[in-house]
Every structure is written in C-alpha cells, then in structure tokens.
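Lettering follows sequence order; numbering is per chain, from 1.
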Amino acid sequence: MKLPLGWLKEFVNIDVTPRELSEKLLGIGFEVEEIIYTGENIENVVVGKIIDIKKHFSADKLQVCTVDVGKEITTIVTAATNIKTGDKVPVALNDSLLPTGKRIVSSDLRGVMSYGMFCSGAELMIDDNVIEGAEVNGILILPPDAEVGADIKDVLGLNEYVLDISVTANRADCQSVYGMSREIAALYGKKAKKPSLTYKVYESEGLTIPSAKVEDKSACSLYTGRLITDIKIEKSPKWMRDRLRQVGIRPINNIVDITNYVLMEVGQPLHAFDLRLIEGQINVRHAFEDEKIVALDGKEYKLNPNMLVIADDKKAVAIAGVMGGEYSGINDETKSVFLEAARFAKESVRGTSRALGLRSDSSARYEKGVDWTSVEMGRERALSLFYKLKAGKITSLKTEDGAEAPKVKVIETSARKINDLFGIEVKQSVMVKILKSLEFGVELRGDKMICSVPLFREDVDNYTDLAEEVIRFYGYDYLSSDLIKDAHPTKGGLTIRQKNLDAIRATMTSFGAYECYTYSFINYKQYDKLRYGEYAPERNVIRLLNPLSEEFAVMRTQLVGSMLNVVNINLSRKNGDFRLFELSKIYLPEKLPLEKLPDEHDVLCIAYCGKDENFYKLKAAVSEVLEGYVAYSVQRTVAPYLHPGIGADIVCDGKIIGSFGKVHPVVADAYGIHCDVYVAQIDLSGFIEKSKSIVKFKPLPKFPIVDRDLAVIVDDKYAVGELIDCIKNSCELCESVELFDVYKGEQIESGHKSLAFSIKLRSDEKTLVDTQIQECMSSIMQALSDKFGAKLR
Amino acid sequence: MEEKLKEIVERTFCKLESVIDNKELAALKVEILGKNGELTGILRNLKDLPADKRPMAGKLVNDARTRLEEAFDKKFKKLYEEELSKKLDEEKIDITIEGKDRKKGGLHPLTIVKNSVIDFFSSLGFMVVDSPEIETDYYNFKALNTPDNHPARDMQDTFYITSNILLRTQTSAGQIRTMEKIKPPIKMINIGRVFRADDVDATHSPVFHQIEGLVVDNHITMCDLKGILDRFARFFFGENTKTRFRPSYFPFTEPSVEVDASCPYCGGKGCRVCKGTGWIEILGAGMVNRNVLKNCDINPDEYTGFAFGIGLDRITVIRYGINDMRLEFENDLRFLKQFN
C-alpha cells in the first residue's frame with residue numbers, strides 16, 4: 001500500500017524522515033519497498049511574477065521578460081506567446097533540473113542573457129490533474145494566489161514522500177492510511193487521531209430510500225445504504241486530487257473521488273449508485289445461472305450462482321464488491337446517490353473476481369478482508385466528506401441488513417505463557433503497555449492477562465498472536481541465541497536412499513560427468529521427438545492445468561528429452577567433449593486423470609558426447625552404478641530413442657529398469673544434434689532404498705593364476721557374452737574370462753568371426769600343473785564346440 | 001714379481017682413467033683379471049716359486065687383485081651413473097604442458113550447497129526427510145493452516161493438476177507428513193524441489209529448491225530458533241555473520257519472522273549485492289502454529305516448535321555470486337565446471 005507522509009500526519013503527529021520511519025516500520029513487520037518522492041528531479045524551479053515584457057531587439061519570435069522570482073528580479077527570454085504582464089509562472093532558474101532530465105543554465109539568446117526558463121506543464125511532466133492549465137500548449141500559468149519565490153513543488157503539491165509498504169496478508173487492517181497510522185502511533189508511543197466523521201443531516205420529506213435485503217449473510221454480513229440528494233458533480237478540491245494521485249488513483253469527479261479517498265484512507269470500499277437507475281428495492285443475492293451484466297468497464301460478464309450481485313427488482317446493478325453495472329454509475333446528470341457501504345466476504349469476492357478475470361481497487365481490498373467496524377467508519381467518513389465538499393445533501397434516510405455484529409474475541413493468557421514461547425523474560429507491565437497501545441483491552445487477574453481483541457484485528461486468535469504483537473514492539477534483538485538447550489537428543493542424518501543417491505553422484509563424477517538440473521515439466525512434443533509410439537506407457541503424462549506455456553506443460557516420465565536439450569545447448573556453444581548426468585524424479589500416474597498422488601521414481605540419466613566415446617565406455621559407467629545393487633542382464637534395446645543395433649536394455653527380474661546406447665539418428669536429428677551421443681537412463685526405484693549388502697572379506701588366494709589365451713571361430717550370430725558364460729560354466733577353475741580381440745576378414749569363413757579370449761585359471765587347493773590346465777582348456781573348447789560349433793583357430 | 005705387480009696395478013689404474021664406456025671397461029677387466037689376464041698369469045706362476053715364498057707372494061697378488069677389482073667396480077658404478085644421468089637427461093620433457101587425462105566431473109552447485117547444509121543440520125541431530133513433489137492441497141495448504149481462499153494462497157501462484165492435486169509450492173508440505181509419522185522429539189530438514197508459476201527471469205524460476213527445517217519438542221522457544229539460525233548463518237556465510245529477525249507472516253507459524261544475514265560481501269556496510277542495506281534476506285521462519293500441531297495430533301499445550309524455510313537457490317547464488325538464476329537450469333558446461 002502507498003502511504004503519503006502528509007496524509008499520515010493528519011492522524012499521527014510525528015516528525016521523522018521517511019528513511020527513519022522506514023527502518024522503524026521494518027522492525028514491526030512492514031517492509032518499505034520504495035520511498036517515492038513525488039517531486040523527484042525538480043530542482044530550483046520557483047514561482048515567478050512577470051513584471052514587464054519587451055520585444056527582443058533582434059529576434060522577432062523572442063520576448064524579454066523581467067521577472068520577480070522572490071529573492072531577486074531577473075531576466076528570462078522566452079518564445080512563449082501565452083503570457084502577459086502580471087502572470088505567475090514556473091521559472092527554472094540558473095542551474096535547475098526538470099523531471100525530463102533537462103538541466104537549465106543561464107545562456108545568451110541572440111544577444112540577451114536569459115537567467116533561466118519559463119516552464120510548461122509538459123516540461124514539469126504534469127497534467128491538468130495536478131494543476132489546471134498544465135495541459136495547455138504554452139507556459140503553465142499559475143493561480144494568482146501562488147506565492148512569488150515559492151518552490152514550485154510546494155505549489156504543485158509535489159513536495160511529498162510516499163512510502164510503498166508491503167503489508168503481509170494477515171494485516172488487512174493496515175491496508176489504509178488510517179490503519180497504518182494506528183501502528184505508527186503505537187510505534188512512537190502516541191495515539192492515532194480518528195478521521196473526522198461529522199456532517200449535517202437534512203430532513204428528507206417525501207423521499208424514500210430503496211430498502212436493502214441480504215439473502216446470504218455469510219457472503220455479505222453487513223449491507224448499509226444512505227441517500228444523498230442535490231448532488232453537484234464537479235472536480236474535487238486540489239488537496240483531495242493531490243492525495244489520490246500520490247496513491248496512484250486518477251481523480252475523476254468529486255463523488256467518485258470521495259469513494260476512492262475513503263477506500264485509501266480507512267480501507268472501506270464504497271459504491272455510489274445513481275438513484276435513478278435503481279428500480280424498486282435492493283436485494284443482495286446470488287446471481288442466476290447465466291445472468292448477464294455489463295460492468296462499468298463496458299464489458300459484458302456472464303455470472304453464475306457462486307457470485308454475489310446487488311440487484312434491484314429488475315436486474316443486477318453491480319457485481320458485489322467487484323464492479324458496478326454500466327448504468328449505475330455517476331454521470332453529470334446524477335442528482336441523487338445511493339451510497340453503499342458493505343462487508344462482503346473475502347472468499348466470495350476473490351472467487352468472483354478470479355472467475356470473471358475482473359479486478360478493481362474495490363475487489364483487491366475486499367479480497368484481503370474488510371472488518372465489521374470498517375463499514376460504519378467508511379460510510380460516515382464518506383458522508384463527512386460529502387458535507388465538507390458540499391457535494392450533496394445528506395438525508396436521514398438509511399437502510400441496513402446483515403448478520404449480527406461479531407463478538408469481541410477474548411484471549412486468556414499470562415506473561416509466563418508468552419515468555420515460554422520467547423525464551424526470555426518480558427515483564428507483564430511491558431506486555432500490557434504494548435497491547436494497550438495497539439488498542440487491545442487488557443484486564444489483569446492475578447497472573448492472568450485477559451485480552452480483548454479489537455474487531456479490526458481479525459488476524460488475532462490465540463496467545464501466540466498476542467506474543468507476536470509483544471515481541472514485534474519489544475524487539476527481536478532482545479532474543480538470546482540458544483541452541484535448543486532443552487530438546488531431547490535425536491538421531492540425525494541421511495536415509496539409505498539419500499546416501500545411495502549421493503554414492504551414485506560420486507560414481508558419475510568419478511567417470512568425469514557433470515551434474516545437471518533440469519525442469520520437471522516438459523513439452524509433450526518431446527515424446528514425438530524421442531519416437532515414442534502412440535500407446536507407449538511413457539506417454540501417460542500428468543498435465544498441468546495452468547502451465548506457464550506448452551514448453552512446460554507435462555510432468556516428465558523420462559529424463560532423456562531434457563538431457564538431449566542440454567547436450568544440444570552445449571554442442572551449440574562449442575563446449576567440446578563432455579559427460580553429463582542428472583538424478584531427478586519422474587512422475588508415473590496410476591490412472592489419468594489423476595485421482596491419487598503419482599509414483600515418483602528416482603531416475604539417473606547419463607549422456608556421453610565426444611569423438612572418443614562409445615557404447616562400451618557408457619556400459620562401464622552403467623555397470624559401475626549398478627554394482628552391488630541388483631543382478632541384471634542386458635538385451636537388445638527396445639527403447640525408441642536408441643540405435644536398435646547399438647543399444648541395450650537392462651533387465652532385472654524380467655523387468656526392463658533402464659536402457660543405454662547410442663542415440664537413434666532420427667532422435668538426434670530432432671534435437672538438432674549432429675554428432676554421436678550416447679545416453680543411459682536407469683530407474684533406480686526398487687533398489688535405491690535398500691542398503692548394499694555388507695562386504696565379506698575373502699582371503700587372498702594362496703596359489704598362482706595361470707593365464708591362457710584361446711581363439712575360436714564361431715558363427716557371427718553368437719554374442720560374446722554367451723560364449724563367456726559358457727566358458728565360465730564349463731570349467732570350475734576358470735576365474736575370469738576377457739575378450740581381447742574380435743576379427744572378421746579374409747582368413748575367416750564369411751558369416752563367422754574369430755574371438756580371442758584371455759582366460760585365468762586358478763585353484764584354491766594347489767598350484768595347477770600342465771595336465772590339469774590341458775584338461776580345463778579342452779573341456780572349455782568342447783563346450784564351445786558343442787554349444788556354438790566353435791572351431792579352434 | 002713385486003715390481004711387476006706394482007707396474008700392472010699402476011698401468012691398469014692409468015688405463016681405467018681413460019676408459020669411456022662399459023665395453024672398454026669389460027675388455028680391460030678381461031685383459032687384467034680374466035682367465036688369461038696378466039694378473040691371473042702371475043697367480044698361475046706362483047706355483048713355480050719356492051714353497052716358503054709362496055704365501056707372501058700369494059698375499060701380494062691377492063691384495064693387488066682386490067685393489068684392482070675395487071677400482072673396476074668403482075669405475076663401473078661411475079660409468080653407470082654417467083650413463084643413467086645422460087639417459088634421464090635425454091628423456092627430459094616439457095613439464096609446463098597441461099596434464100592430460102579424463103578429469104573427474106563435478107556436482108551441480110545446488111548439490112554442493114545442499115550437501116553442506118545437510119552436514120550442518122545432521123550434525124545437530126536433524127534427520128533428512130523427503131516428501132512428494134506432487135502433493136495434495138491438504139498437505140501443501142490446508143494442514144498448514146492455509147484453507148481455501150486464504151490470502152496467503154495469493155502469495156504463491158500454484159501449478160494445479162486437479163482441483164485437489166498440485167505441484168508443491170513449499171517444502172513445508174513435508175512438515176505435516178513428518179509429524180504424522182513421527183511424534184516429538186522431532187528435528188528434521190526436508191530439502192527438495194518446489195514449483196511456483198513465476199515467469200523465468202534472472203531472479204525467478206518456476207522450479208526452485210527449499211530447505212525446510214522443523215523442531216518440535218517440549219519447551220522449544222524463539223531463542224532456540226535464533227540460536228540455530230545464528231549458527232547456520234555463521235557456518236554458511238562466515239564466522240562474522242550477524243542475523244536480524246523481522247516480523248513477518250506465514251500461515252503455518254506464529255509468531256513469524258523473516259531472517260536477514262549481514263551481507264557476506266560487504267560485511268554490512270552496504271554494497272550492490274545487498275542493495276546498499278547491509279542485509280540480505282535468507283529465510284523465513286517462526287514458531288509452529290498451534291493449528292498445524294493440532295492437525296498432526298500433537299498437543300500444542302505440551303509441545304512447541306519452530307520451523308524455517310531457506311531458499312537453496314538463493315543461498316547458492318549468494319555464496320558463489322551467481323548473477324542469473326537461469327544459469328542453474330541451463331547446464332552450460334562452462335558454468336558447471338566452475339564449482340568443483
């Protein structure tokens with residue numbers, strides 16, 4: 001909210017700089033986001049009175065003026081034609097600054113020194129709302145009563161500081177100048193003065209006021225109306241227009257300005273209806289299904305029964321708390337006004353405003369909550385302004401309907417209880433003083449404090465709220481810095497899952513990969529780019545109702561797409577060869593539309609990109625990650641985003657838990673990637689929650705290993721893995737088998753390949769002798785020959 | 001014979017001086033000490049001497065042999081060392097050329113900071129919990145004392161999936177899940193991803209991360225909250241860091257505070273980072289609202305607690321001086337490589 005200091009001082013007599021006040025306000029929970037000075041960038045511009053005007057001796061279009069600027073008589077040369085002797089005008093003196101950023105200095109104009117410049121409204125960046133005549137084409141002619149030599153900012157009402165205060169959502173009562181003044185008064189140990197509520201009432205013979213009836217008293221707990229006749233529409237006085245401008249409201253006419261002024265001053269939204277347009281009685285009711293209303297903004301809105309309207313016997317005349325109807329507004333022909341002051345429930349106004357996409361100063365205020373007492377104060381304040389501005393005759397006619405007045409909340413507590421929450425000792429007397437300064441009623445009964453909560457403090461419910469009021473004004477700096485000294489010991493630390501995830505991160509960084517973070521929501525088009533089939537389960541994605549854009553519309557069920565985007569960015573920036581990984585959640589719905597929370601799985605995604613990378617390097621990382629967690633096998637991939645010949649699926653208990661391999665060329669192309677990229681994606685859920693089994697030490701072997709190489713020729717269709725398994729199974733002394741060469745070529749029968757294995761044999765019982773070694777090798781060869789038709793090379 | 005021996009020894013010593021490689025040395029050794037060498041010849045001739053002279057002569061020959069062998073060994077060693085140092089010299093490389101092997105990768109700065117936060121709190125007995133990123137309205141709002149149409153909902157633009165299921169806007173949702181499962185004493189932190197419908201710019205991201213803290217026990221006070229947060233600020237931003245509590249509002253805490261740390265860049269004097277105020281806002285906190293405890297079946301008259309929420313991304317950009325939050329999610333290698 002915007003708080004002009006001059007306006008504030010009407011209620012609290014304080015003498016502080018805006019900066020000091022801002023710092024103090026921060027201490028009690030109000031952050032001043034900006035200190036606005038309305039006269040920003042106007043320096044050294046004063047009121048001057050033109051004493052004499054002469055023609056310039058050599059320039060036809062220039063006039064030489066003798067001007068009284070208060071402390072001296074000076075000469076100003078001007079090209080303006082709308083001035084005459086005796087006029088008072090703004091004079092930018094030598095070395096002055098205008099809000100346009102222009103600096104004015106004395107200068108020689110065709111042989112005559114001009115010690116400054118006359119200003120137009122445009123040069124002072126003001127319009128007719130600031131002062132009449134500001135918009136004329138020429139010099140701004142000031143009113144005759146402007147004091148010669150006075151600072152122009154004072155004359156224009158631009159010498160004001162406005163604090164832009166961020167008010168927390170619980171403090172609806174501080175959304176007005178008067179509301180803030182109560183807090184500031186308490187801050188400075190003063191009492192806030194109430195706004196003037198006095199006016200003269202005219203007897204109203206022969207007149208009637210539409211009587212108000214409220215249907216749903218939970219949506220409108222209080223509705224009041226007053227009748228004002230003999231309305232005289234005119235411009236509101238300068239002081240009122242100035243203040244409205246200071247808080248960012250455009251002055252319209254006296255009636256509208258009064259309602260806005262009251263809204264800003266005491267926080268009560270009001271609505272002035274032209275009486276001619278109310279047919280019959282006022283009914284505050286829910287809208288009918290598809291009921292239509294054209295609002296003041298000229299647009300037609302279709303309503304529904306969740307929305308509250310102000311209706312007469314024939315039609316809805318306003319959307320309650322949001323906006324009046326088109327024809328109910330004030331215009332130059334308005335003679336009598338039905339002034340509405342009401343308390344609509346914030347939920348109702350918020351819901352209506354959201355549903356219609358229609359906001360106003362009134363709805364914004366109602367959404368924060370208007371309290372019971374505000375209605376009367378707002379209405380009475382408005383009436384006193386009608387009276388003061390002579391804007392109409394206030395009749396004694398009134399109407400009112402609503403619920404019973406709320407009861408004053410009473411909270412019973414004690415200094416002990418409040419201090420227990422603080423952890424320090426604040427004296428009871430100090431607490432009482434603070435609470436009373438905030439208009440709480442406090443009654444002491446022994447140790448007990450019986451506190452009654454002012455009706456405007458709807459946020460206060462229990463003793464902790466009172467504690468906050470106390471500590472806010474007592475000062476948080478008085479809290480000492482304890483270290484949960486009375487708390488029981490607890491066991492801290494990470495869960496197994498968290499530790500395992502950290503270990504996987506460590507594994508990946510040891511392979512040279514850098515960790516990425518990408519958004520959890522993606523473009524659904526990724527599934528096309530990744531070649532997922534129409535019915536692929538991955539396409540069962542959770543869609544946001546209100547995404548920022550299609551780019552971020554669905555919750556991802558895979559990380560590969562995001563990873564390929566990151567790869568593309570890095571390639572396009574020529575970041576060379578790289579390895580990347582991400583550990584994030586995917587979101588798997590059981591059923592769509594979502595009825596219960598989806599499963600969230602931890603997924604690891606890896607990308608290798610560079611000329612030295614290949615399938616087997618990626619496979620090494622994948623097996624290192626999975627080491628110790630699960631038993632798995634690999635099979636040719638069915639993942640649509642992988643090269644079918646250079647990709648593998650990781651199978652664990654018959655279920656595919658991940659895939660890795662070279663990115664399918666079509667997919668790479670779709671992501672704008674023009675080099676070989678290898679990716680892996682592994683769903684870690686199911687094993688990441690469990691600890692790895694504890695390692696058991698094996699004694700070091702006592703007997704030496706025997707190395708033997710074996711080269712065989714087999715049909716191309718057999719996979720190396722199959723042969724290795726066969727070798728291991730055919731000889732119990734075989735400790736390890738490694739492939740060290742694959743050869744296809746001239747010496748080999750076509751459709752066949754030569755595979756060379758390095759085999760390590762070892763016995764736990766003795767050193768192997770030649771005969772045993774021979775036996776082993778021949779049983780291996782036999783097995784390979786039986787199973788794969790392998791021939792020794 | 002004695003003369004002869006002396007002559008051989010001196011001559012050999014002399015020759016040894018000029019030997020330049022192992023080959024020459026070996027040849028000389030054969031010439032003198034070999035099977036048919038000069039000295040060997042003398043030894044062989046000893047048998048022609050009278051018996052009484054033999055021991056004396058034998059000793060002389062053997063002494064000469066020992067002296068020569070030592071000299072040969074010494075020369076051998078010398079040659080070896082010369083050769084070795086020559087070889088090593090030849091093998092010399094340019095050590096200013098960059099090391100070249102696959103380098104280790106690195107963690108994302110958010111992970112690094114997260115780990116350091118976890119270190120601090122877990123050492124104080126805080127367990128680290130996780131809770132769902134897709135939440136129900138109940139856990140994200142209602143149970144946190146934020147019913148429908150509560151003004152606090154305006155503070156957060158929520159991504160909805162259904163009217164009842166949403167992307168969590170705060171890790172505070174994890175408070176309720178923890179208190180439903182575990183009864184006091186509770187000390188926990190919950191670090192994770194949260195989502196708000198903010199357009200992307202240098203200081204806003206629709207995806208960001210929070211660290212939620214919660215302590216519930218008998219006699220937990222605001223001084224305890226201050227104590228923990230003071231220590232955290234000093235741990236994270238440096239020993240001289242001060243904190244400042246300002247009243248604020250969150251529906252799930254009462255009293256509520258915003259906590260500022262003295263600016264780690266200027267020490268509180270005021271600079272560009274702290275916008276001249278000397279303070280930077282680092283977290284929101286407060287005493288757990290009684291209604292929140294009640295919602296979790298914890299008696300608010302028996303237990304009190306505090307909760308805090310730290311923006312992980314915020315303290316990360318402050319720690320490293322990162323000027324644009326978008327860099328966190330762009331994953332440019334030139335960015336990622338800076339933090340490890």
Side-chain angles (χ1 to χ4, degrees), chain A residues 26 28-29 168-170 347 350 368 421-424 462 464-465 467-468 471-472 476 479-484 486-490 492-495 498 505 508-510 512-520 542 544-546 548 552 566 569-570 573 575 578-579 585 587 593-594 597-598 600, chain B residues 102-108 110-111 118 122 124-128 132-134 136 149 151-152 154-155 159-162 165 185 187 193 197 199 206-207 215 217-224 226-228 230 245-249 254-255 257 287 290 304 328-334 336-337:
Chain A
L26 191 68
I28 58 165
T168 51
N170 57 327
E347 296 80 7
R350 183 177 189 267
K368 293 181 172 98
L421 202 61
F422 294 155
I424 51 169
N462 59 51
T464 61
D465 299 307
E468 181 166 69
I471 195 72
R472 212 154 61 84
Y476 282 91
L479 292 176
S480 57
S481 192
D482 294 343
L483 192 62
I484 40 178
D486 291 333
H488 296 88
T490 44
L494 297 171
T495 60
Q498 292 159 347
R505 284 192 182 93
M508 286 319 304
T509 58
S510 75
Y514 284 91
E515 187 183 19
C516 304
Y517 277 48
T518 58
Y519 286 172
S520 309
I542 298 164
L544 299 180
L545 288 179
N546 56 334
L548 287 180
F552 312 118
V566 174
I569 282 178
N570 279 291
R573 293 178 187 176
N575 285 343
F578 52 82
R579 293 178 171 184
K585 294 274 182 75
Y587 312 88
L594 216 52
L597 295 185
E600 294 181 10
Chain B
R102 176 161 292 287
K103 293 186 176 123
K104 76 174 171 62
L107 297 175
H108 194 279
L110 287 170
T111 304
I118 288 176
S122 58
L124 288 169
F126 284 69
M127 61 195 291
V128 186
E133 292 175 8
I134 297 182
T136 60
N149 287 310
D154 281 351
M155 297 159 23
F159 287 116
Y160 282 94
I161 291 166
T162 69
I165 299 178
K187 291 193 204 93
R193 224 164 231 224
D199 280 321
V207 179
V215 172
D217 204 343
N218 311 111
H219 315 302
I220 297 296
T221 69
M222 294 193 81
C223 291
D224 294 327
K226 190 169 168 64
I228 286 276
D230 273 350
F245 277 30
R246 285 185 281 120
S248 188
Y249 169 68
E254 185 72 32
V257 291
M287 301 305 287
R290 290 169 61 84
T304 51
E328 283 182 3
F329 294 96
E330 201 179 65
N331 302 296
D332 188 316
L333 262 295
R334 293 167 299 178
L336 297 177
K337 284 182 176 175

Original post:
With a 4.0 Å cut-off, would you call Arg573(A) and Glu330(B) a salt bridge?
Top reply: yes
**OP:** Please answer whether the main-chain N or O of Cys223(B) pairs with a side-chain N or O of Asp482(A) as donor and acceptor at a distance below 3.5 Å.
**Re:** no
**OP:** For the pair Thr168(A) (side chain) and Ser248(B) (backbone), establish whether a donor and an acceptor sit closer than 3.5 Å, ignoring hydrogens and angles.
**Re:** no
**OP:** Taking the side chain as every heavy atom from C-beta outward, state whether Leu544(A) and Ile161(B) have any atom pair closer than 4.5 Å.
**Re:** yes
Original post:
Is there side-chain contact between Ile228(B) and Ile484(A), with at least one heavy-atom pair below 4.5 Å?
Top reply: yes
Original post:
Considering only heavy atoms from C-beta outward, does the side chain of Thr111(B) approach that of Tyr517(A) to under 4.5 Å?
Top reply: yes
Subject >> Nearest-0.5 Å distance, SG of residue Cys516(A) to NE2 of residue His108(B) >> reply: 7.5 Å
Original post:
In terms of heavy-atom proximity below 4.5 Å to chain B, should Asn570(A) be classed as side chain, backbone, both, or neither?
Top reply: side chain
Original post:
Side chain, backbone, both or neither: which part of Tyr519(A) has a heavy atom under 4.5 Å from chain B?
Top reply: both
Original post:
Would you say the side chain of Asp224(B) lies within less than 4.5 Å of the side chain of Asp486(A), judging by non-hydrogen atoms?
Top reply: no
Subject >> Distance-only polar pair, side chains of Thr464(A) and Arg290(B), donor-acceptor under 3.5 Å >> reply: no
Subject >> Pro489(A), part contacting chain B, at a heavy-atom distance under 4.5 Å >> reply: backbone
Original post:
Among all residues two or more places apart in sequence or in another chain, which pass the ring-ring contact (aromatic ring centres under 6.0 Å, His included) test with Phe126(B)?
Top reply: Phe121(B)
